[in-house]
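This is a predicted model, so every value here is computed, not measured. As a basis for the values below, the full set of heavy atoms in this structure was taken, side chains included, without hydrogen atoms, waters or symmetry mates. Protein chains get the first letters and strands the later ones, always in sequence-line order, with residue 1 at the start of each.
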There are 2 protein chains.
Amino acid sequence: MGVTKTALFDVEQNELAVLAKALAHPARIAILQHLAATTSCINGTLVQELGLAQATISQHLRKLKELGLICGSIEGTSVNYCLDRKRWEEVRLLFQDFFAPLADNSEDTLCC
Amino acid sequence: MGVTKTALFDVEQNELAVLAKALAHPARIAILQHLAATTSCINGTLVQELGLAQATISQHLRKLKELGLICGSIEGTSVNYCLDRKRWEEVRLLFQDFFAPLADNSEDTLCC
DNA sequence: TAAATTTATCGTAATATTACGATTGATATG
DNA sequence: CATATCAATCGTAATATTACGATAAATTTA
(Lines give C-alpha, C1' and ligand atoms only; values in the text may rest on other atoms or scores of the structure.)
Protein backbone atom coordinates (compact mmCIF):
# COMPACT_ATOMS: atom_id res chain seq x y z
CA MET A 1 0.00 0.00 0.00
CA GLY A 2 0.97 3.63 0.01
CA VAL A 3 1.03 3.84 -3.76
CA THR A 4 -1.45 5.95 -5.68
CA LYS A 5 -4.02 3.87 -7.55
CA THR A 6 -3.58 5.58 -10.88
CA ALA A 7 -5.66 3.02 -12.78
CA LEU A 8 -8.85 4.14 -11.04
CA PHE A 9 -8.74 7.58 -12.65
CA ASP A 10 -8.82 8.98 -16.15
CA VAL A 11 -5.90 10.45 -18.08
CA GLU A 12 -6.80 14.07 -17.42
CA GLN A 13 -7.19 13.53 -13.69
CA ASN A 14 -3.83 11.80 -13.47
CA GLU A 15 -2.11 14.43 -15.59
CA LEU A 16 -3.47 17.25 -13.46
CA ALA A 17 -2.40 15.45 -10.29
CA VAL A 18 1.12 14.89 -11.62
CA LEU A 19 1.44 18.53 -12.62
CA ALA A 20 0.08 19.69 -9.28
CA LYS A 21 2.70 17.52 -7.63
CA ALA A 22 5.35 19.42 -9.56
CA LEU A 23 4.02 22.67 -8.08
CA ALA A 24 3.64 21.18 -4.62
CA HIS A 25 6.89 22.55 -3.23
CA PRO A 26 7.73 26.20 -2.53
CA ALA A 27 11.23 25.79 -3.97
CA ARG A 28 9.81 24.66 -7.31
CA ILE A 29 7.27 27.48 -7.23
CA ALA A 30 10.14 29.88 -6.59
CA ILE A 31 12.22 28.41 -9.40
CA LEU A 32 9.36 28.72 -11.87
CA GLN A 33 8.57 32.27 -10.77
CA HIS A 34 12.21 33.17 -11.18
CA LEU A 35 12.36 31.66 -14.66
CA ALA A 36 9.15 33.41 -15.63
CA ALA A 37 10.58 36.73 -14.49
CA THR A 38 14.14 36.49 -15.83
CA THR A 39 13.68 34.26 -18.89
CA SER A 40 16.75 32.24 -17.89
CA CYS A 41 19.02 31.31 -15.01
CA ILE A 42 21.73 28.93 -13.94
CA ASN A 43 21.68 26.39 -11.15
CA GLY A 44 24.35 28.24 -9.18
CA THR A 45 22.28 31.40 -9.01
CA LEU A 46 19.39 29.48 -7.57
CA VAL A 47 21.54 27.88 -4.88
CA GLN A 48 22.43 31.36 -3.62
CA GLU A 49 18.92 32.74 -3.96
CA LEU A 50 16.96 29.88 -2.44
CA GLY A 51 19.33 28.84 0.32
CA LEU A 52 19.04 25.14 -0.32
CA ALA A 53 21.97 22.83 -1.00
CA GLN A 54 23.18 22.41 -4.57
CA ALA A 55 22.14 18.77 -4.67
CA THR A 56 18.65 19.65 -3.52
CA ILE A 57 18.16 22.34 -6.16
CA SER A 58 19.41 19.95 -8.80
CA GLN A 59 16.83 17.41 -7.65
CA HIS A 60 14.02 19.97 -7.92
CA LEU A 61 15.21 21.03 -11.36
CA ARG A 62 15.19 17.44 -12.52
CA LYS A 63 11.56 17.04 -11.44
CA LEU A 64 10.56 20.13 -13.39
CA LYS A 65 12.57 18.93 -16.36
CA GLU A 66 10.88 15.50 -16.29
CA LEU A 67 7.49 17.18 -16.69
CA GLY A 68 8.75 19.30 -19.56
CA LEU A 69 8.19 22.56 -17.72
CA ILE A 70 11.81 23.65 -18.07
CA CYS A 71 14.86 22.72 -20.05
CA GLY A 72 18.54 23.46 -19.72
CA SER A 73 21.30 24.11 -22.22
CA ILE A 74 24.94 23.71 -21.34
CA GLU A 75 26.86 26.99 -21.37
CA GLY A 76 30.49 26.51 -20.49
CA THR A 77 30.70 24.78 -17.15
CA SER A 78 27.26 25.91 -16.10
CA VAL A 79 23.75 25.13 -17.32
CA ASN A 80 21.31 27.72 -18.52
CA TYR A 81 17.76 26.85 -17.49
CA CYS A 82 14.61 28.40 -18.87
CA LEU A 83 10.88 27.77 -19.08
CA ASP A 84 9.42 25.76 -21.91
CA ARG A 85 6.85 28.36 -22.84
CA LYS A 86 4.78 26.05 -25.00
CA ARG A 87 4.45 23.54 -22.20
CA TRP A 88 3.83 26.33 -19.71
CA GLU A 89 0.88 27.55 -21.77
CA GLU A 90 -0.43 23.99 -22.06
CA VAL A 91 -0.33 23.54 -18.29
CA ARG A 92 -1.84 26.97 -17.70
CA LEU A 93 -4.85 25.99 -19.84
CA LEU A 94 -5.22 22.65 -18.05
CA PHE A 95 -5.51 24.39 -14.70
CA GLN A 96 -7.73 27.09 -16.16
CA ASP A 97 -10.13 24.46 -17.47
CA PHE A 98 -10.07 22.66 -14.16
CA PHE A 99 -11.08 25.76 -12.22
CA ALA A 100 -13.45 27.17 -14.83
CA PRO A 101 -16.67 25.17 -14.18
CA LEU A 102 -17.45 27.14 -11.03
CA ALA A 103 -16.28 30.57 -12.07
CA ASP A 104 -19.73 31.84 -12.99
CA ASN A 105 -22.57 30.61 -10.73
CA SER A 106 -21.22 31.92 -7.44
CA GLU A 107 -24.48 33.28 -6.05
CA ASP A 108 -26.04 30.13 -4.57
CA THR A 109 -24.03 29.11 -1.55
CA LEU A 110 -25.41 25.63 -0.74
CA CYS A 111 -23.96 24.19 2.47
CA CYS A 112 -20.95 26.51 2.84
CA MET B 1 15.98 16.20 6.94
CA GLY B 2 13.14 15.26 4.66
CA VAL B 3 11.01 18.17 5.84
CA THR B 4 10.23 21.10 3.57
CA LYS B 5 12.12 24.27 4.56
CA THR B 6 9.11 26.55 4.59
CA ALA B 7 10.98 29.42 6.22
CA LEU B 8 13.10 29.97 3.13
CA PHE B 9 10.12 31.01 1.03
CA ASP B 10 7.53 33.77 1.12
CA VAL B 11 3.89 33.43 2.12
CA GLU B 12 2.54 33.28 -1.43
CA GLN B 13 5.00 30.60 -2.51
CA ASN B 14 4.16 28.45 0.47
CA GLU B 15 0.43 28.95 0.02
CA LEU B 16 0.59 27.98 -3.64
CA ALA B 17 2.66 24.91 -2.79
CA VAL B 18 0.21 23.81 -0.10
CA LEU B 19 -2.73 24.24 -2.45
CA ALA B 20 -0.93 22.40 -5.22
CA LYS B 21 -0.34 19.57 -2.78
CA ALA B 22 -4.09 19.40 -2.24
CA LEU B 23 -4.54 18.89 -5.98
CA ALA B 24 -1.65 16.46 -6.21
CA HIS B 25 -3.74 13.30 -6.14
CA PRO B 26 -6.14 12.08 -8.83
CA ALA B 27 -8.73 11.09 -6.23
CA ARG B 28 -8.88 14.63 -4.90
CA ILE B 29 -9.04 16.02 -8.43
CA ALA B 30 -11.93 13.63 -9.10
CA ILE B 31 -13.71 14.64 -5.89
CA LEU B 32 -13.42 18.32 -6.72
CA GLN B 33 -14.56 17.78 -10.30
CA HIS B 34 -17.51 15.82 -9.03
CA LEU B 35 -18.45 18.52 -6.54
CA ALA B 36 -18.08 21.19 -9.20
CA ALA B 37 -20.43 19.26 -11.47
CA THR B 38 -23.07 18.07 -9.03
CA THR B 39 -22.99 20.84 -6.39
CA SER B 40 -22.97 18.23 -3.61
CA CYS B 41 -22.32 14.60 -2.77
CA ILE B 42 -21.87 12.20 0.10
CA ASN B 43 -18.87 10.14 1.15
CA GLY B 44 -20.71 6.89 0.36
CA THR B 45 -21.40 7.91 -3.22
CA LEU B 46 -17.73 8.71 -3.71
CA VAL B 47 -16.68 5.35 -2.32
CA GLN B 48 -18.73 3.64 -5.02
CA GLU B 49 -17.68 6.01 -7.78
CA LEU B 50 -13.96 6.16 -7.08
CA GLY B 51 -13.35 2.57 -6.02
CA LEU B 52 -11.22 3.44 -3.01
CA ALA B 53 -11.92 2.29 0.54
CA GLN B 54 -14.19 4.38 2.74
CA ALA B 55 -11.36 5.28 5.10
CA THR B 56 -9.22 6.46 2.21
CA ILE B 57 -11.92 8.71 0.77
CA SER B 58 -12.54 10.16 4.20
CA GLN B 59 -8.83 10.95 4.49
CA HIS B 60 -8.85 12.75 1.14
CA LEU B 61 -11.97 14.69 2.12
CA ARG B 62 -10.33 15.80 5.34
CA LYS B 63 -7.37 17.18 3.44
CA LEU B 64 -9.63 19.19 1.17
CA LYS B 65 -11.60 20.36 4.18
CA GLU B 66 -8.45 21.49 6.00
CA LEU B 67 -7.64 23.82 3.11
CA GLY B 68 -11.16 25.19 3.08
CA LEU B 69 -11.88 23.96 -0.41
CA ILE B 70 -14.91 21.94 0.68
CA CYS B 71 -17.16 21.65 3.67
CA GLY B 72 -19.69 19.09 4.85
CA SER B 73 -23.02 19.35 6.59
CA ILE B 74 -24.54 16.42 8.46
CA GLU B 75 -27.72 15.11 6.88
CA GLY B 76 -29.18 12.22 8.81
CA THR B 77 -26.53 9.54 9.09
CA SER B 78 -24.63 10.79 6.08
CA VAL B 79 -22.63 13.94 5.36
CA ASN B 80 -23.35 16.23 2.47
CA TYR B 81 -20.16 17.68 0.99
CA CYS B 82 -19.91 20.64 -1.33
CA LEU B 83 -17.39 23.11 -2.67
CA ASP B 84 -16.71 26.33 -0.84
CA ARG B 85 -17.24 28.52 -3.87
CA LYS B 86 -15.68 31.61 -2.34
CA ARG B 87 -12.50 29.73 -1.51
CA TRP B 88 -12.57 28.00 -4.89
CA GLU B 89 -12.59 31.38 -6.61
CA GLU B 90 -9.76 32.58 -4.38
CA VAL B 91 -7.62 29.58 -5.30
CA ARG B 92 -8.52 29.87 -8.97
CA LEU B 93 -7.19 33.45 -8.99
CA LEU B 94 -4.01 32.43 -7.16
CA PHE B 95 -3.20 29.88 -9.84
CA GLN B 96 -4.27 32.26 -12.59
CA ASP B 97 -1.86 34.89 -11.28
CA PHE B 98 0.89 32.34 -10.99
CA PHE B 99 0.57 31.28 -14.62
CA ALA B 100 -0.20 34.74 -16.03
CA PRO B 101 3.31 36.29 -16.31
CA LEU B 102 4.18 34.18 -19.34
CA ALA B 103 0.81 34.08 -21.09
CA ASP B 104 1.62 36.90 -23.51
CA ASN B 105 5.23 36.91 -24.76
CA SER B 106 5.27 33.43 -26.23
CA GLU B 107 7.08 34.26 -29.46
CA ASP B 108 10.72 34.23 -28.30
CA THR B 109 11.68 30.67 -27.57
CA LEU B 110 15.08 31.01 -25.86
CA CYS B 111 16.69 27.64 -25.17
CA CYS B 112 13.61 25.44 -25.47
C1' DT C 1 48.05 18.05 -18.45
C1' DA C 2 46.57 19.84 -13.81
C1' DA C 3 43.55 22.56 -11.17
C1' DA C 4 39.30 24.92 -10.77
C1' DT C 5 34.44 25.36 -11.54
C1' DT C 6 29.87 23.79 -12.05
C1' DT C 7 26.15 20.48 -12.25
C1' DA C 8 24.39 15.59 -11.88
C1' DT C 9 24.04 11.53 -9.43
C1' DC C 10 24.53 8.26 -5.47
C1' DG C 11 23.63 6.96 -0.89
C1' DT C 12 21.15 7.73 3.06
C1' DA C 13 18.28 9.63 6.86
C1' DA C 14 14.06 11.96 8.23
C1' DT C 15 9.54 12.86 7.26
C1' DA C 16 5.14 12.71 4.52
C1' DT C 17 1.73 10.41 1.80
C1' DT C 18 -1.33 6.74 0.49
C1' DA C 19 -4.18 2.96 1.51
C1' DC C 20 -6.99 -0.07 4.20
C1' DG C 21 -8.92 -2.93 8.05
C1' DA C 22 -10.81 -2.27 12.45
C1' DT C 23 -12.94 0.48 15.64
C1' DT C 24 -15.53 4.40 17.37
C1' DG C 25 -19.23 7.75 17.43
C1' DA C 26 -23.40 9.60 15.93
C1' DT C 27 -27.95 9.29 14.07
C1' DA C 28 -31.85 6.87 12.35
C1' DT C 29 -35.11 2.93 12.46
C1' DG C 30 -37.23 -1.31 14.15
C1' DC D 1 -33.64 0.27 23.91
C1' DA D 2 -31.36 -2.64 20.24
C1' DT D 3 -29.83 -2.64 15.73
C1' DA D 4 -28.51 -0.78 11.38
C1' DT D 5 -26.16 2.74 8.74
C1' DC D 6 -22.70 5.99 7.64
C1' DA D 7 -18.60 8.74 8.32
C1' DA D 8 -14.43 9.79 11.20
C1' DT D 9 -10.50 8.23 13.43
C1' DC D 10 -6.80 4.94 14.86
C1' DG D 11 -3.13 1.93 13.83
C1' DT D 12 -0.09 0.31 10.61
C1' DA D 13 2.40 -1.03 6.33
C1' DA D 14 4.21 0.36 1.86
C1' DT D 15 5.93 3.87 -0.79
C1' DA D 16 7.31 8.71 -1.99
C1' DT D 17 9.42 13.06 -0.95
C1' DT D 18 12.84 16.13 0.85
C1' DA D 19 17.36 17.26 2.07
C1' DC D 20 22.29 17.02 2.09
C1' DG D 21 27.17 15.30 2.02
C1' DA D 22 30.14 12.94 -0.97
C1' DT D 23 31.46 11.76 -5.32
C1' DA D 24 31.46 11.69 -10.33
C1' DA D 25 31.42 13.90 -14.87
C1' DA D 26 32.18 17.62 -17.92
C1' DT D 27 34.25 21.85 -19.29
C1' DT D 28 37.14 25.79 -18.77
C1' DT D 29 41.43 27.91 -17.52
C1' DA D 30 46.22 28.17 -15.95
Side-chain angles (χ1 to χ4, degrees), chain A residues 1-9 13-14 17-31 34-35 40-67 70-82 111, chain B residues 1-9 13-14 17-31 34-35 40-67 70-82 111:
Chain A
M1 300 159 199
V3 63
T4 298
K5 293 195 160 180
T6 306
L8 292 177
F9 309 99
Q13 289 164 340
N14 281 310
V18 167
L19 288 168
K21 211 175 270 187
L23 305 180
H25 195 288
R28 292 195 292 271
I29 293 282
I31 290 171
H34 189 262
L35 286 177
S40 82
C41 73
I42 56 171
N43 187 323
T45 315
L46 290 171
V47 173
Q48 291 179 351
E49 271 187 35
L50 299 188
L52 289 168
Q54 185 267 322
T56 307
I57 302 281
S58 202
Q59 213 170 12
H60 284 306
L61 287 169
R62 181 167 54 178
K63 226 171 240 183
L64 293 173
K65 224 182 331 181
E66 276 167 8
L67 287 167
I70 69 173
C71 63
S73 57
I74 297 169
E75 193 148 321
T77 57
S78 59
V79 177
N80 198 5
Y81 279 105
C82 64
C111 69
Chain B
M1 304 161 193
V3 62
T4 298
K5 294 197 160 179
T6 305
L8 292 176
F9 308 98
Q13 288 164 340
N14 281 310
V18 166
L19 287 168
K21 211 176 272 189
L23 304 181
H25 194 288
R28 292 194 292 271
I29 293 281
I31 290 171
H34 190 261
L35 286 177
S40 82
C41 71
I42 55 171
N43 187 322
T45 314
L46 289 171
V47 173
Q48 292 180 349
E49 270 185 36
L50 300 187
L52 289 168
Q54 184 266 323
T56 308
I57 302 283
S58 202
Q59 213 171 12
H60 285 306
L61 286 169
R62 181 168 55 179
K63 227 170 238 181
L64 294 173
K65 224 183 330 182
E66 275 167 10
L67 287 168
I70 69 173
C71 64
S73 57
I74 297 169
E75 194 149 320
T77 57
S78 59
V79 177
N80 199 5
Y81 279 105
C82 65
C111 68

Exercise for review: Find the distance L50(A):CG to dT18(D):P and express it as a whole number of Å.
Suggested key: 14 Å
Review point. Atom CG of L46(A) and atom C1' of dA19(D): how far apart are they, to the nearest Å?
Key: 16 Å
Exercise for review: Please report, rounded to the nearest Å, how far the P atom of dA14(C) is from the NZ atom of K5(B).
Suggested key: 15 Å
**Study point:** All side-chain contact (heavy atoms from CB on, under 4.5 Å) counterparts of N43(B), not counting sequence neighbours
**Key:** V47(B), Q54(B), I57(B), S58(B), L61(B)
Revision key, fill the gap. Here the distance between atom P of dT18(D) and atom CZ of F9(B), to the nearest Å, is 11 Å
**Study point:** Rounded distance in Å - CD (E75(A)) to P (dA8(C))
**Key:** 14 Å
Exercise for review: Could I get the full list of side-chain contact (heavy atoms from CB on, under 4.5 Å) partners for T77(A), not counting sequence neighbours?
Suggested key: none
Review point. Residues in side-chain contact (heavy atoms from CB on, under 4.5 Å) with V18(B), at least two apart?
Key: L67(B)
Exercise for review: Could you list the residues that satisfy side-chain contact (heavy atoms from CB on, under 4.5 Å) with S78(A), not counting sequence neighbours?
Suggested key: I42(A)
Check your understanding: Is it true that a side-chain atom of R28(B) and a backbone atom of K21(B) form a donor plus acceptor pair closer than 3.5 Å?
Key -> yes
**Study point:** Set of ring pair (Phe, Tyr, Trp, His ring centres under 6.0 Å) partners for H34(A), sequence neighbours left out
**Key:** none
Practice item. Check side-chain hydrogen bond (donor to acceptor under 3.5 Å, both in side chains) between K63(A) and all other residues, then give those that pass, not counting sequence neighbours. Key: none
Point to revise | Side-chain N or O of H60(A) closer than 4.0 Å to phosphate OP1/OP2 of dA19(D) | key: yes
Exercise for review: Anything under 30° is parallel, anything over 60° is perpendicular, the rest tilted; go ahead and classify H25(A) against H60(A).
Suggested key: tilted
Revision key, fill the gap. Contacts of Q13(A) meeting side-chain hydrogen bond (donor to acceptor under 3.5 Å, both in side chains) (sequence neighbours excluded), chain-then-number -> Q33(B)
Practice item. Let me know the distance between CG of L64(A) and C1' of dA8(C), rounded to the nearest Å. Key: 15 Å
Identify all pairs in which a protein N or O lies below 3.5 Å from an N or O of nucleotides 5-10 of chain D, and state each distance.
residue	atom	partner	partner atom	Å
dA7(D)	OP1	N43(B)	N	3.4
dA7(D)	OP1	G44(B)	N	3.0
dA7(D)	OP2	G44(B)	N	3.1
dA8(D)	OP1	Y81(B)	OH	2.3
dA8(D)	OP2	N43(B)	ND2	3.0
dA8(D)	OP2	S58(B)	OG	2.7
dA8(D)	N7	Q54(B)	NE2	2.9
dA8(D)	N6	Q54(B)	OE1	2.9

Review point. Which of residues 18-31 of chain A have a heavy atom under 4.0 Å from DNA chain D?
Key: K21(A), A24(A), H25(A), R28(A)
Point to revise | Among dA16(C), dC20(C), dT18(C), the one nearest K63(B) by side-chain distance | key: dT18(C)
Check your understanding: At under 4.0 Å between heavy atoms, what does I74(A) touch on the DNA or RNA strands: base, sugar-phosphate, or nothing?
Key -> nothing
Check your understanding: Using a cut-off of 4.0 Å on non-hydrogen atoms, how would the nucleic acid contact of I57(B) be classed: base, sugar-phosphate, or nothing?
Key -> nothing
